[in-house]
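The analysis underlying the following values was restricted to heavy atoms, covering all of them including side chains, and did not include hydrogens, waters or symmetry mates. This structure is a prediction, so every number in the text was calculated from the model and none was measured. Start at 1 and go down the list; that is how both ligands and their atoms are numbered.
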Amino acid sequence: MSTKMILVTGFEPFGEEKINPSYEAVKLLPGQIGQWKLKKLELPVGFKESAKVLKKAVEVCTPDVLLCLGQAGGRNAITIERIAINIKDSRMADNFGIIPEDEKIIIDGPDGIFSNLPIKKMMKSVTDHNIPCFVSNTAGTYVCNTVLYHALYLCQNKYPGMRAGFVHVPFIYEQLTQTKSNYPGMRLTDIMEALEYMIEAIDDE
Ligand code: PCA
């Protein structure tokens with residue numbers, strides 16, 4: 001079994017949050033899962049900045065797989081995204097004060113790009129361990145969708161051997177203060193374990 005590299009990214013906190021469970025979970029992951037040697041990276045929550053940091057890291061470590069994670073507050077399970085769409089549209093500013101409206105991410109890019117990871121297999125590997133996990137058909141139109149779009153565009157146009165995907169994670173219990181009394185949450189350690197199960201399920205191609 002040869003060792004392959006997976007670059008796993010999470011985001012810095014944004015909005016009113018003091019932590020982002022996506023990078024908190026990444027930090028807890030071991031250095032190796034099955035055949036996958038992990039590289040970890042924290043991305044800024046900026047439409048432009050996230051893409052810049054991501055592209056640089058891919059150039060430096062040329063991973064076999066790029067798995068990006070982000071927080072989706074309000075979702076009640078871990079969700080594996082099927083597709084990124086070529087749009088930036090947001091009501092909330094990114095961490096750099098930018099609020100794009102109906103803008104393309106890449107002017108002449110395709111409308112949508114599907115993840116080329118085995119998303120159903122990854123999902124099953126998580127649900128087999130009784131952790132809720134679904135496939136999601138929208139990563140939104142904020143920074144996470146932009147990052148997935150750039151990642152998949154890189155796979156299609158610059159690194160043909162690379163595969164990429166995106167996982168949204170719910171709030172963790174620490175974030176559920178009084179103002180979020182109706183929100184679902186998960187335990188950070190369950191998110192971390194779920195990531196291990198889904199990374200194990202990515203086959204060696
Ligand atoms: N979630 C946001 C951006 C950063 C993050 O963790 C999103 O879903 O777009």
Side-chain angles (χ1 to χ4, degrees), residues 7-29 40-57 66-106 109 112-115 117 119 132-154 164-177 179-180 183-188 190-192 194-195 198:
L7 175 61
V8 189
T9 75
F11 278 102
E12 66 180 359
F14 67 103
E16 317 224 298
E17 300 305 315
K18 303 239 164 354
I19 54 169
N20 190 320
S22 65
Y23 195 62
E24 294 302 316
V26 171
K27 280 195 280 187
L28 292 182
L29 288 171
K40 304 174 184 182
L41 175 70
E42 186 177 25
L43 294 178
V45 180
F47 286 95
K48 245 206 230 130
E49 296 74 8
S50 56
K52 202 169 150 199
V53 175
L54 186 77
K55 282 184 199 164
K56 184 85 212 155
L66 176 52
L67 186 64
C68 304
L69 315 181
Q71 164 191 297
R75 286 196 185 170
N76 60 0
I78 290 165
T79 48
I80 306 178
E81 301 296 343
R82 189 194 298 271
I83 189 168
I85 57 174
N86 191 8
I87 202 83
K88 292 184 278 186
D89 186 56
S90 128
R91 274 163 298 153
M92 183 168 73
D94 68 11
N95 285 356
F96 299 81
I98 301 299
I99 308 178
E101 200 186 338
D102 299 333
E103 283 175 31
K104 289 206 174 221
I105 297 168
I106 295 179
I113 314 181
F114 289 111
S115 169
L117 285 178
I119 54 173
C133 178
F134 310 119
V135 163
S136 156
N137 295 309
T138 175
T141 53
Y142 192 53
V143 179
C144 290
N145 173 70
T146 292
V147 158
L148 178 58
Y149 191 88
H150 279 291
L152 294 172
Y153 192 85
L154 282 179
F166 198 98
V167 174
H168 264 121
V169 305
F171 284 135
I172 53 173
Y173 292 142
E174 293 87 316
Q175 294 173 284
L176 299 184
T177 48
T179 52
K180 294 201 216 80
Y183 282 78
M186 258 173 108
R187 205 177 282 284
L188 178 61
D190 286 342
I191 295 177
M192 189 272 291
L195 294 176
M198 74 171 74

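Salt-bridge annotation for Lys52 and Glu49: absent, with no side-chain N of the basic residue lying under 4.0 Å from a carboxylate O of the acidic one.
Counting the atoms of ligand 1 from 1 in the order shown, those under 4.0 Å from a heavy atom of Phe14 are 1 (N), 2 (C), 4 (C), 5 (C), 6 (O). Close approach to Asn20 involves these atoms of ligand 1, each under 4.0 Å from a residue heavy atom: 5 (C), 6 (O). Each of the atoms 1 (N), 2 (C), 5 (C), 6 (O), 8 (O) of ligand 1 lies under 4.0 Å from some heavy atom of Gln71. Of all the atoms in ligand 1, the ones that sit under 4.0 Å from a non-hydrogen atom of Gly70 are 6 (O). In the vicinity of Tyr142, heavy-atom distances shorter than 4.0 Å reach the ligand 1 atoms 2 (C), 3 (C), 7 (C), 9 (O). Remark: ligand 1 atoms within the under-4.0 Å shell around heavy atoms of His168 are 7 (C), 8 (O).
When every heavy atom of Cys144 is checked against every heavy atom of Gly70, the shortest pair comes out as SG-CA, 4.0 Å.
The proximity of Asn145 to ligand 1, defined as any non-hydrogen pair under 4.0 Å, does not occur for either the backbone or the side chain.
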(request) Under the side chain to side chain contact (heavy atoms under 4.5 Å, CB included) rule, what do Asp94 and Phe14 come out as? Steps first, then yes or no, please. (result) CA-CA 7 Å; Asp94 68 11; Phe14 67 103; over 6 Å; no

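If you check which protein heavy atom lies closest to atom 7 (C) of ligand 1, you get Cys144 SG, 2.7 Å.
A donor-acceptor pair under 3.5 Å links the side-chain atoms of Lys40 to the main chain of Leu29, judged by distance alone.
Taking Phe11 as the reference, nothing meets the ring-ring contact (aromatic ring centres under 6.0 Å, His included) condition, with sequence neighbours excluded.
A side-chain N or O of Glu81 and one of Ser136 form a donor-acceptor pair less than 3.5 Å apart.
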